[in-house]
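Side-chain atoms are counted along with the backbone in the values below, which use heavy atoms only and exclude waters and symmetry mates. By convention in this document, chain letters (A, B, ...) are assigned in the order of the sequence lines, proteins followed by strands, and residues within each chain are numbered from 1.
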Number of protein chains: 2
Amino acid sequence: MDVSSRRPSMADVAARSGVSYQTVSRVLNEPDIVKPATRSRVREAISELGYTRNRAARALKTTRSSLIGMLTDGSALFGPTETTTAIESAARRAGYSVLLTTVGAEDGAGREVGGELLGSGADGILVVAAHEGMVPAVSTAARSTPVVAVAARSLQMQGIEVVGVDQRLGARQVIEHLARTGVRSVVHAAGPQDWFDARSRQEGFEEAIALHGLDGAVVGPGDWTPRSGYELTNALVRDGLPEAIFAANDMMAIGVLHALHEHRIRVPEDCAVVGFDNTLGAEFQVPSLTTVAQPFAELGRLALERLLHLLEGTELPPGTPSTLPPRLVVRRSTRPERTH
Amino acid sequence: MDVSSRRPSMADVAARSGVSYQTVSRVLNEPDIVKPATRSRVREAISELGYTRNRAARALKTTRSSLIGMLTDGSALFGPTETTTAIESAARRAGYSVLLTTVGAEDGAGREVGGELLGSGADGILVVAAHEGMVPAVSTAARSTPVVAVAARSLQMQGIEVVGVDQRLGARQVIEHLARTGVRSVVHAAGPQDWFDARSRQEGFEEAIALHGLDGAVVGPGDWTPRSGYELTNALVRDGLPEAIFAANDMMAIGVLHALHEHRIRVPEDCAVVGFDNTLGAEFQVPSLTTVAQPFAELGRLALERLLHLLEGTELPPGTPSTLPPRLVVRRSTRPERTH
DNA sequence: GCCCCGAATGCTAACGTTCACATCACCGAA
DNA sequence: TTCGGTGATGTGAACGTTAGCATTCGGGGC
């Protein structure tokens with residue numbers, strides 16, 4: 001009845017099952033090479049004692065922490081909780097735990113966070129919603145740790161592997177759709193310019209505008225919030241409204257819708273509205289919002305898979321994509337396409 | 001030029017600065033007791049080598065991991081990213097890192113997750129968006145690790161410390177406000193019954209209905225999503241609409257608004273609508289949504305503070321609240337209060 | 001009956017840090 | 001000059017695990 005408050009160790013398990021601790025270790029790591037009878041005896045002792053492996057000791061000896069650092073933006077404005085959730089559950093299945101690190105606006109260039117990341121001893125790092133502020137931290141970390149970035153194509157320059165949704169393609173799909181509905185002029189309410197995704201969407205917008213010979217302009221930048229979409233739209237109403245507004249994300253689009261409603265401008269008859277992200281509320285806006293759906297969960301899994309291969313030093317299965325296509329979701333905030 | 005791929009250790013720093021590894025350790029842990037000259041010499045060596053402390057070794061020796069486990073719901077439907085962000089940044093400031101663990105619907109009773117949590121070796125655990133499915137995992141963990149739960153008052157029974165927003169009070173504020181606007185009948189579109197917050201809001205609703213002698217009913221349960229709010233409202237339109245609908249959260253309220261709009265029912269003239277959470281889009285719904293704001297960030301900090309005191313074994317400063325009041329935010333989806 | 005082989009298990013050392021104690025240098029008082 | 005004392009630094013051991021090698025055991029071929 002030694003109620004030593006200390007957590008049981010391998011030695012305790014070994015004593016209880018009459019073997020050496022090395023055998024206990026083997027039961028845990030390579031069960032096949034230990035005799036079935038012994039194995040089950042040890043297993044029994046493990047569950048009786050409620051033994052769990054000491055993570056620190058294991059990490060110390062193997063020099064691998066079984067930890068994956070996830071660096072994400074803390075501003076809470078950005079949607080993809082889905083991505084982080086997918087990453088976490090995939091990581092757990094692969095025997096890793098996820099160390100969460102948020103880099104808020106207040107952290108400046110995120111240098112401090114970079115140091116934390118390194119010190120954390122994570123085996124690899126996943127960067128989730130990337131903006132410029134993360135770059136110093138990430139490229140520092142990348143010197144000594146494998147890094148995979150999600151949705152931030154531009155980081156590729158730094159020799160960092162990138163997995164992402166093709167934001168430009170998404171923007172092009174939006175413009176093509178608008179063109180097919182007969183729209184001749186579109187304004188893009190841009191997102192914050194230090195976010196990679198915001199810039200890619202804007203670039204896609206500009207390409208597509210040129211390609212289809214539409215009358216296009218960019219206003220903003222906004223800051224991802226509904227309020228910024230609202231204010232940009234109010235300015236547009238003053239200065240002259242286009243036939244469609246393409247907001248950088250759904251939240252801004254919600255602000256756009258609200259402003260148009262206040263001015264009694266009918267959507268989509270007088271002005272069509274498109275968002276980006278297909279967040280949970282988009283379908284139930286008034287009118288329901290045409291937007292671009294991103295496979296957030298898939299993206300998270302893909303990023304983790306890539307990181308794991310980097311960690312194990314194995315090759316990715318051929319044909320594994322690094323870029324996923326977005327999907328335009330047409331709803332009622334844009335007019336129906338002309339089938340002529 | 002020994003580019004030994006191995007990370008530098010204290011011994012390396014010690015060799016470079018001509019002291020023993022113990023002195024290096026002291027510079028890191030109790031800088032005051034080492035001579036300033038030596039201290040700065042060691043510090044120099046540390047930065048030259050890019051040395052960071054090996055977390056595993058430290059954890060092994062001290063039996064403290066400097067890790068806080070954060071258990072949260074993975075369903076991505078739930079809002080308070082703000083809470084998790086606040087927790088993470090407060091934890092970092094206190095020298096802890098946050099281990100993220102999500103328990104999705106697929107994890108069943110979350111037993112497996114409980115085991116993971118324990119094995120993770122976290123010094124303490126924070127439970128964030130709690131529903132019944134987490135209870136087994138949490139109460140198992142609580143036997144060997146300090147646990148603080150956020151917003152799940154009912155866990156208190158299990159001897160777990162709880163920090164939360166007073167959900168019932170929030171619901172009462174809603175009903176009082178509605179009563180003051182002259183509303184006589186209210187329906188509560190309830191949230192999923194296995195979520196603690198959903199039940200508290202419903203209870204608060206029922207209390208207040210009785211108190212004010214209103215005509216009240218509960219429909220649902222919904223599942224936090226706009227769609228469920230939408231469908232519940234459609235049924236209400238068929239069966240007879242009340243003068244107000246109080247949705248269990250903002251997302252459901254968005255669905256409610258959408259359904260009412262489809263049926264050309266004016267909000268708030270024909271039917272008022274109230275949500276809960278004050279999520280980012282609420283203010284810019286059409287009409288802007290009256291809802292209950294929760295101090296999510298404050299809550300996260302409070303929970304962490306409580307956990308830290310538990311870990312250090314120190315007393316909380318007297319007057320530290322364990323329950324925070326919510327705040328009713330009146331907007332355009334309810335009628336103005338009668339001032340008579 | 002001897003030897004060799006493989007399967008199963010045990011022992012020793014080491015990972016990088018911190019704790020407890022030992023040592024050393026130096027200063028001021030007797 | 002010697003001694004106790006303090007402030008600064010060094011030494012040994014240990015945390016719990018895994019890697020590498022050593023040992024034991026039983027059985028089959030000569």
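- Rounded to an integer number of Å, the gap from CD of A:Gln22 to C1' of D:dA22 is 12 Å.
- Between the side chains of A:Arg93 and A:Ser89, at least one donor N or O lies within less than 3.5 Å of an accepting N or O.
- In this model, the phosphate group of C:dC11 is not approached by any side-chain N or O of A:Ser20 to a distance below 4.0 Å at OP1 or OP2.
- Contact annotation: B:Thr23 side-chain N/O to D:dG10 OP1/OP2 distance is under 4.0 Å.
- When each of B:Ala56 and B:Glu30 is assigned the nucleotide of DNA chain C with its nearest heavy atom, B:Ala56 is the one assigned upstream, toward the 5' end.
- Look at B:Thr38 and you'll find a side-chain N or O under 4.0 angstrom from OP1 or OP2 of D:dT9.
- Residue B:Tyr51 places at least one side-chain N or O closer than 4.0 Å to OP1 or OP2 of C:dT17.
- When the C1' atom of C:dA8 is taken as reference, atom CZ of A:Arg39 falls 12 Å away, rounded to whole Å.
- Rounded to an integer number of Å, the gap from NZ of A:Lys61 to C1' of C:dG16 is 11 Å.
- B:Thr145 pairs with exactly one of B:Leu311, B:Ile125, B:Leu310 by the side chain to side chain contact (heavy atoms under 4.5 Å, CB included) rule, that one being B:Ile125.
- Residue B:Asn54 has no polar side-chain atom (N or O) positioned under 4.0 Å from OP1 or OP2 of C:dC15.
- For C:dG16, the OP1/OP2 oxygens have no side-chain nitrogen or oxygen of B:Arg58 closer than 4.0 Å.
- Residue A:Ser25 places at least one side-chain N or O under 4.0 Å from the OP1 or OP2 atom of D:dT18.
- Across the interface with DNA chain D, nearest-nucleotide mapping of B:Gly18 and B:Ala57 shows B:Gly18 to be the residue nearer the 5′ end.
- A sub-4.0 Å separation between OP1 or OP2 of D:dT18 and a side-chain N or O of A:Arg53 is present.
- At whole-Å resolution of the value, CG in A:Leu28 and C1' in D:dA19 are 16 Å apart.
- Of the candidate nucleotides D:dT9, D:dT18, C:dT18, D:dT9 has the atom lying nearest to any side-chain atom of B:Arg26.
- Checked for salt-bridge contact, A:Glu44 and A:Arg41 miss the test: no charged N lies under 4.0 Å from a carboxylate O.
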task: Kindly indicate, with the supporting measurements, whether the criterion side chain to side chain donor-acceptor pair (under 3.5 Å) is fulfilled by B:Tyr51 and B:Arg16.
output: CA-CA 12 Å; B:Tyr51 167 79; B:Arg16 183 164 188 121; over 6 Å; no
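- Counting heavy atoms from C-beta outward, B:Val13 and B:Glu48 have side chains that stay 4.5 Å or more apart.
- Rounded to an integer number of Å, the gap from CZ of B:Arg7 to P of C:dG16 is 9 Å.
- OP1 or OP2 of C:dG16 has not a single side-chain nitrogen or oxygen of B:Ser9 nearer than 4.0 Å.
- Of the listed nucleotides (D:dT9, D:dA13, C:dT12), D:dA13 has the atom at the smallest distance from the side chain of B:Tyr21.
- Here the C1' atom of nucleotide C:dC15 and the CG atom of B:Leu60 are 9 Å apart, to the nearest Å.
- Protein atom CG of A:Asp32 is 10 Å distant from nucleotide atom P of C:dA8, rounded to whole Å.
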Item to complete: In sequence, state the C-alpha distance, the side-chain angles, and the governing distance for A:Glu88 and A:Arg92, and then conclude on salt bridge (charged side-chain N to carboxylate O under 4.0 Å, His left out).
Response: CA-CA 6 Å; A:Glu88 196 280 334; A:Arg92 181 143 38 87; 3.1 Å; yes
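- We find that NZ of A:Lys35 is positioned 10 Å from C1' of D:dG26, with the value rounded to whole Å.
- In the set C:dA8, C:dA14, C:dT17, C:dT17 carries the atom at the smallest distance from any side-chain atom of B:Met10.
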